[in-house]
Amino acid sequence: MSRLIVVSNRVNPPADTGVGTTGGLAMALSAALREDKGLWFGWSGNTVEEYTGHISMQVVGGVTVALLDLEAQDENEYYNGYANRTLWPLFHYRTDLVNYERSFDEGYERVNIRFAETLLPLIGPDDIIWVQDYHLIPLGRELRRRGVKNRIGFFLHIPWPARRVLSTLPRHNELVESLFSYDLIGFQTGEDTEAFLDYAQHDANAEVCEDGVVKAFGNRSRVKAFPIGIDAADFATTLKSDKAEDYRKLMVKSQDGRKMILGVDRLDYSKGLEERFSAYETLLDKYPDLHGELFLLQIATRSRDSVDAYQDLRARLDTISGQINGAYATVDWVPLRYVNRPYRRDELAGIYRAAHIGLVTPLRDGMNLVAKEFVAAQDAANPGVLILSEFAGAAETMKEALIVNPLSREDVAEAIRQGLNMPLKQRKARWEALMENVETNDVSRWRDSFVEMLKTPIAELAEAG
Ligand code: ADQ
């Protein structure tokens, strides 16, 4: 029987104990794996003295997971190194933050080989394999080298960079060549797909055929955008929970009649938090009549603390937030509430619902699920306004948001003012269109369309066409 095997760096199905902090992606993949009696394979997050290849099998939330431990050197070179110091900044256009060392490259390759060798005995003849994200780009190639003939797909959750940006990476051609071991390569947006095809045609002599079939490096792969969404039905249930309602009430009480602008992000330089704070400062500077009438709640949970760029960012944000409050706060008003602790999904749902403006201004983002969660949480009778960066993948489809350039503090400040003054009729019209999109293009659709296409051989596609 054919099973779905999902492979990702970390494995995090929701526990049996109900609502946790797990995101929509984990929920959707878990649902697929439960239905198909599939398997989720990845790193346990633990390190051991010496790598043994031992797999620990567990059932979590009805999903079978297979976990492998890595060595500390693997964590440093593969995870903190090549994945988070090289590929993450590069793919988010931060070439200034890219740190490339040959040892990172070697660690990345070594761990991908470890994943392939450990996964190999678990693969049945009819299984289909779905590899997730930038940590595991060469995994398909390593499986093929070991004789795996199964259908293997890959989905990139982060942006695919423009050709000239990618070409700053040593051995970029080899990285792209390894992608052509997959039957299906999925991106978040049409723009990412085009950027990939641009590279493939110009730097890899690829031939782009009908139906997104691309021939390069002696292989044929199908390349397509699959925009990810949230689990809208599950989010609606979460929103109705007592906890969500408690948090909504808590926020309304603490607003004390003031308008709340909300940002929710991992503390990451791609999310544009410094620029967002500057834009807010511009708003306060330009419009003194708003003082005491609004506040910005920025929830930014600490992330990748062992990488220097994240420590530096945290220090700068501490300084800027202190400066804004120092300059504008009064004895009875704090303009910026800056919070670093994480919140549960049900708590977050209540906080979103109480917000008047959702401020989502990444400098680059594969999709951005926070924008979709904010929309899903709004009250249909009195919805808040979404302000969205043109550089988030979500902007490709969420056109009814107020779209801004996050690098322009004036643009963002004016969008906030426009959002604060937007008449109810316009807010409703924009929100209804956005909500329809969030509900239709949800995570189940993302998963089903990817898996369906992965199951269909390229020859059949050509015949159907
Ligand atoms: P992320 O960069 O993590 O994901 P995003 O999609 O916005 O970005 O958020 C992921 C989830 O984390 C959301 O469900 C959100 O609720 C939760 N979250 C964020 N900040 C939180 C906080 N402070 N407290 C609690 N929960 C928080 C990567 C890519 C994205 C892409 C996703 C999915 O970078 O572009 O949308 O994968 O493909």
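Note that ligands are numbered from 1 as they come in the structure, with each ligand's atoms numbered from 1 the same way. In this text the structure is predicted, and so the values were computed from the model without any measurement.
Residue-ligand proximity: W88 is placed with a non-hydrogen atom under 4.0 Å from ligand 1. At a 4.0 Å cut-off, not a single heavy atom of R344 sits close enough to ligand 1 to count as contact.
Taking any N or O of R341, backbone or side chain, none lies under 3.5 Å from an N or O belonging to ligand 1. An N or O contact shorter than 3.5 Å is missing between H92 and ligand 1 by distance. Where the criterion is an N or O separation shorter than 3.5 Å, residue side chain and backbone included, M367 meets it with respect to ligand 1. Geometrically, ligand 1 and G366 share a nitrogen or oxygen pair separated by less than 3.5 Å.
In this structure, R110 is not positioned above the aromatic face of Y78 in the sense of NZ or CZ being under 6.0 Å from the six-membered ring centre and within 45° of the axis. In this structure, R341 forms a cation-pi arrangement with Y343, its terminal cationic atom sitting closer than 6.0 Å to the ring centre and no more than 45° off the ring axis.
Ligand 1 places these atoms under 4.0 Å from at least one heavy atom of V370: 7 (O), 15 (C). Listed by number with element, the atoms of ligand 1 under 4.0 angstrom from any heavy atom of D265 are 20 (N), 23 (N). Shown in contact with E373 at under 4.0 Å from a heavy atom are these atoms of ligand 1, numbered in order with element: 13 (C), 14 (O), 15 (C), 16 (O). Each of the following atoms of ligand 1 lies closer than 4.0 Å to a heavy atom of L369: 5 (P), 6 (O), 7 (O), 33 (C), 36 (O).
For Q311, the CD atom sits in a packed shell: over 12 heavy atoms of surrounding residues, nucleotides or ligands are nearer than 6.0 Å. Summarising the local packing, CD of E75 is surrounded by more than 12 heavy atoms from other residues, nucleotides or ligands at distances under 6.0 Å.
Residue contacts with ligand 1 for T301 involve both N, CA, C or O and side-chain atoms from C-beta outward (heavy atoms, distance under 4.0 Å). Proximity of I230 to ligand 1, defined as any heavy-atom pair under 4.0 Å, is not found for any part of the residue.
Across R302, Q188, K271, heavy-atom proximity to atom 8 (O) of ligand 1 is greatest for K271.
Side-chain atoms of S241 do not come within 3.5 Å of backbone N or O of T237 as any donor-acceptor pair. Proximity of a side-chain donor or acceptor of W40 to a complementary backbone N or O of V65 within less than 3.5 Å is not detected.
The only option from V176, T95, L175 that meets the side chain to side chain contact (heavy atoms under 4.5 Å, CB included) definition with L169 turns out to be L175.
With salt bridges taken as basic N to acidic carboxylate O contacts below 4.0 Å, one links E274 and R316.
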